[in-house]
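In what follows, chains are A, B, ... by sequence order, proteins preceding strands, each numbered from 1.
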Protein chains: 2
Amino acid sequence: MFGHIDYRNPPELCPVRDVMSVASDQWSILILLWLGYFQVLRFNKLKKYVYGISNKVLSQRLKILEADGYIERKAYPEVPIRVEYNLTEFGQTYVEKLLELAEWMHDNSPKVIANREQYGLN
Amino acid sequence: MFGHIDYRNPPELCPVRDVMSVASDQWSILILLWLGYFQVLRFNKLKKYVYGISNKVLSQRLKILEADGYIERKAYPEVPIRVEYNLTEFGQTYVEKLLELAEWMHDNSPKVIANREQYGLN
DNA sequence: TCATAAGGTTACTTTTTGTAACTTACTCTT
DNA sequence: AAGAGTAAGTTACAAAAAGTAACCTTATGA
């Protein structure tokens, strides 16, 4: 692992860092987690669950996540158009990892918040 | 988990999202992983391993990570000053999670890169 | 004829990052 | 005695990313 992340390589030459910077992006994580929970979601539903994201960033992240192979986009030529997003099989395996992370966050965020407040007192 | 991340709460009212946005930040992850690997690192060594990070962002991230309780900062009043950073016990538990994530990235980044290239062809 | 709907895009503003020079305080070299 | 070097940052300014809100398309139903 650490042999592989050669610290002397500029970031753009380290594929692990490159891939990680997309997959560990705050909005991407939330998008993937909600897709993991619902299986299929349309653009506006996603926007609703990934609370606070803008159209612009949602649309941009969905494109990257599709390009990287985590999700699939299906457009139905109805009117108004219907577009559905879902995880790929590959995306599923990643979401399993993310769920562990999210669970850790869920269990430990009170502690972090407490730390943060105590630190503020100094 | 998903009941807890109430999608109707503005981001600043969801502690899990708040904590996660610090802990899953690209630079923070790299800092924590290298501290996990070396136990103790000084500012300039960290800067060397977390290749590409600027003084400004490194210093800012270290402060947040310290405030959140992941790392500890020890300053020795020598000349020139010596400052050492290390994980707290709490930070260690998080780094274990991060290592799993990093391992997944290491194993799967070739696939993502391949996906990305294929997508470019369409 | 006009409002509505889904899934975006666009122009513009604000926030976050990156860059590179500067600071501090003491020691070592010349 | 003047000047250089050192670690750990800080600061001012420029560039990139994100947020905001209005707009687009195409057809259907009122």
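Separating the NZ atom of A/Lys56 from the P atom of C/dT15 is a distance of 14 Å, rounded to the nearest angstrom. Between the NZ atom of B/Lys74 and the P atom of D/dA8 there is a distance of 14 Å, rounded to whole Å. Atom NZ of A/Lys47 and atom P of D/dG19 are 12 Å apart (whole Å). When the P atom of C/dG8 is taken as reference, atom NZ of A/Lys48 falls 18 Å away, rounded to whole Å. For the pair A/Lys45 NZ and C/dG8 C1', the computed distance is 18 Å after rounding to whole Å. If you take CG of A/Asn55 and P of D/dC23, they are 15 Å apart, rounded to a whole angstrom. Spacing between atom CD1 of A/Ile71 and atom P of C/dG7 amounts to 13 Å, rounded to whole angstrom units. If you measure from atom CD of A/Glu84 to atom C1' of C/dG7, you get 13 Å, rounded to the nearest angstrom.
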Filtered N/O pairs between nucleotides 4-6 of chain C and protein, under 3.5 Å:
from: C/dA6; atom 1: O3'; to: A/Arg42; atom 2: NH2; distance (Å): 3.2
from: C/dA6; atom 1: O3'; to: A/Ile81; atom 2: O; distance (Å): 3.1

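For B/Arg42, the side chain to side chain contact (heavy atoms under 4.5 Å, CB included) criterion is met by B/Arg82, B/Glu84, not counting sequence neighbours.
With hydrogens and angles ignored, the 3.5 Å screen pairs no side-chain donor or acceptor of A/Ser28 with any backbone N or O of A/Ser24. For the pair B/Tyr85 (side chain) and B/Leu46 (backbone), a donor-acceptor distance under 3.5 Å is absent.
The phosphate of C/dT9 (OP1 or OP2) has a side-chain N or O of A/Ser59 nearer than 4.0 angstrom. Look at B/Trp27 and you'll find a side-chain N or O under 4.0 angstrom from OP1 or OP2 of C/dG18.
Across all their heavy atoms, B/Asn115 and A/Gly69 have their closest contact at ND2-CA, 3.5 Å.
Aromatic ring pairs are classed by plane angle as parallel below 30°, tilted from 30° to 60° and perpendicular above 60°; the pair B/Trp34 and B/Tyr37 is perpendicular.
Less than 4.0 Å separates DNA chain D from at least one heavy atom of each of the following residues of residues 60-70 of chain B: B/Lys63.
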Practice prompt. For salt bridge (charged side-chain N to carboxylate O under 4.0 Å, His left out), just list the numbers for A/Asp18 and B/Arg116, CA-CA rounded to whole Å, side-chain angles, deciding distance to a tenth of an Å, and then say yes or no.
Written response: CA-CA 12 Å; A/Asp18 182 6; B/Arg116 213 178 271 182; 3.0 Å; yes

Item to complete: Would you please test B/Phe90 and A/Asn108 for side chain to side chain contact (heavy atoms under 4.5 Å, CB included) and show each step?
Response: CA-CA 9 Å; B/Phe90 179 66; A/Asn108 292 283; 3.5 Å; yes

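As judged by a 4.0 angstrom heavy-atom cut-off over every strand, A/Tyr85 is placed among residues touching the sugar-phosphate backbone only.
Shown here is B/Glu89, whose CD atom has no more than 12 heavy atoms of other residues, nucleotides or ligands within 6.0 Å.
B/Tyr119 and A/Glu66 share a donor-acceptor pair across their side chains, judged by distance under 3.5 Å alone.
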